[in-house]
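Worth saying up front: this structure is predicted, and the values here are computed from it rather than measured.
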Amino acid sequence: MASNAAAPFWRSAGMTYIAYSNLCTNLVRNCLKEPYKSEALSREKVHYTISKWADGKPQKPTTRSDFPEE
């Protein structure tokens with residue numbers, strides 16, 4: 001049987017591993033000095049495309065970003 005004592009602390013705090021990983025990554029990036037900090041922050045941006053399907057064919061893809069346009 002599994003016990004809660006063996007659970008990782010991020011799970012005990014009600015976080016997912018992805019949320020915990022993102023939190024740690026942001027902390028490390030904020031501790032960096034320039035020019036390393038700006039380089040790390042530029043790699044943080046994520047862009048992806050979404051294609052909606054209609055009648056079994058993909059429509060024109062749209063590009064999305066998790067950061068507002070600058």
Side-chain angles (χ1 to χ4, degrees):
M1 283 202 189
S3 88
N4 286 342
F9 65 90
W10 51 267
R11 175 87 54 194
S12 300
M15 299 175 75
T16 63
Y17 181 75
I18 298 296
Y20 167 72
S21 176
N22 286 337
L23 177 70
C24 292
T25 303
N26 286 334
L27 289 172
V28 170
R29 285 183 183 137
N30 288 331
C31 291
L32 295 173
K33 293 182 180 180
E34 291 297 338
Y36 307 110
K37 185 175 185 175
S38 59
E39 289 176 20
L41 289 174
S42 69
R43 287 191 302 263
E44 183 182 27
K45 297 178 182 177
V46 176
H47 302 283
Y48 56 96
T49 59
I50 297 175
S51 295
K52 293 188 179 187
W53 289 70
D55 298 323
K57 296 181 181 178
Q59 302 299 310
K60 182 180 177 185
T62 57
T63 303
R64 301 279 177 107
S65 176
D66 63 344
F67 286 89
E69 293 298 322
E70 297 174 346

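- Sorted by first then second residue, the salt bridge (charged side-chain N to carboxylate O under 4.0 Å, His left out) pairs that include residues 18-29, not counting sequence neighbours, are Arg29-Glu44.
- For residues 52-63, no residue pair satisfies the salt bridge (charged side-chain N to carboxylate O under 4.0 Å, His left out) rule, not counting sequence neighbours.
- Sorted pairs that involve residues 10-25 and meet salt bridge (charged side-chain N to carboxylate O under 4.0 Å, His left out), not counting sequence neighbours, are lacking altogether.
- Separation of atoms CD (Glu39) and CG (Leu32) is listed at 9.5 Å; rounding is to 0.5 Å.
- Applying the side-chain contact (heavy atoms from CB on, under 4.5 Å) criterion to Gln59, with sequence neighbours excluded, gives Ala54.
- Linking Ile, Leu, Val, Met, Phe, Trp and Tyr whenever their side-chain heavy atoms come within less than 4.5 Å puts Met15 and Phe9 in one cluster.
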Using atom types as modelled, flag every donor-acceptor pair under 3.5 Å from a side chain in residues 16-23 to any protein atom, sequence neighbours excluded.
{"from": "Thr16", "atom 1": "OG1", "to": "Ala19", "atom 2": "N", "distance (Å)": "3.1"}
{"from": "Asn22", "atom 1": "ND2", "to": "Ile18", "atom 2": "O", "distance (Å)": "3.4"}

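- Taking Thr63 as the reference, nothing meets the side-chain hydrogen bond (donor to acceptor under 3.5 Å, both in side chains) condition, with sequence neighbours excluded.
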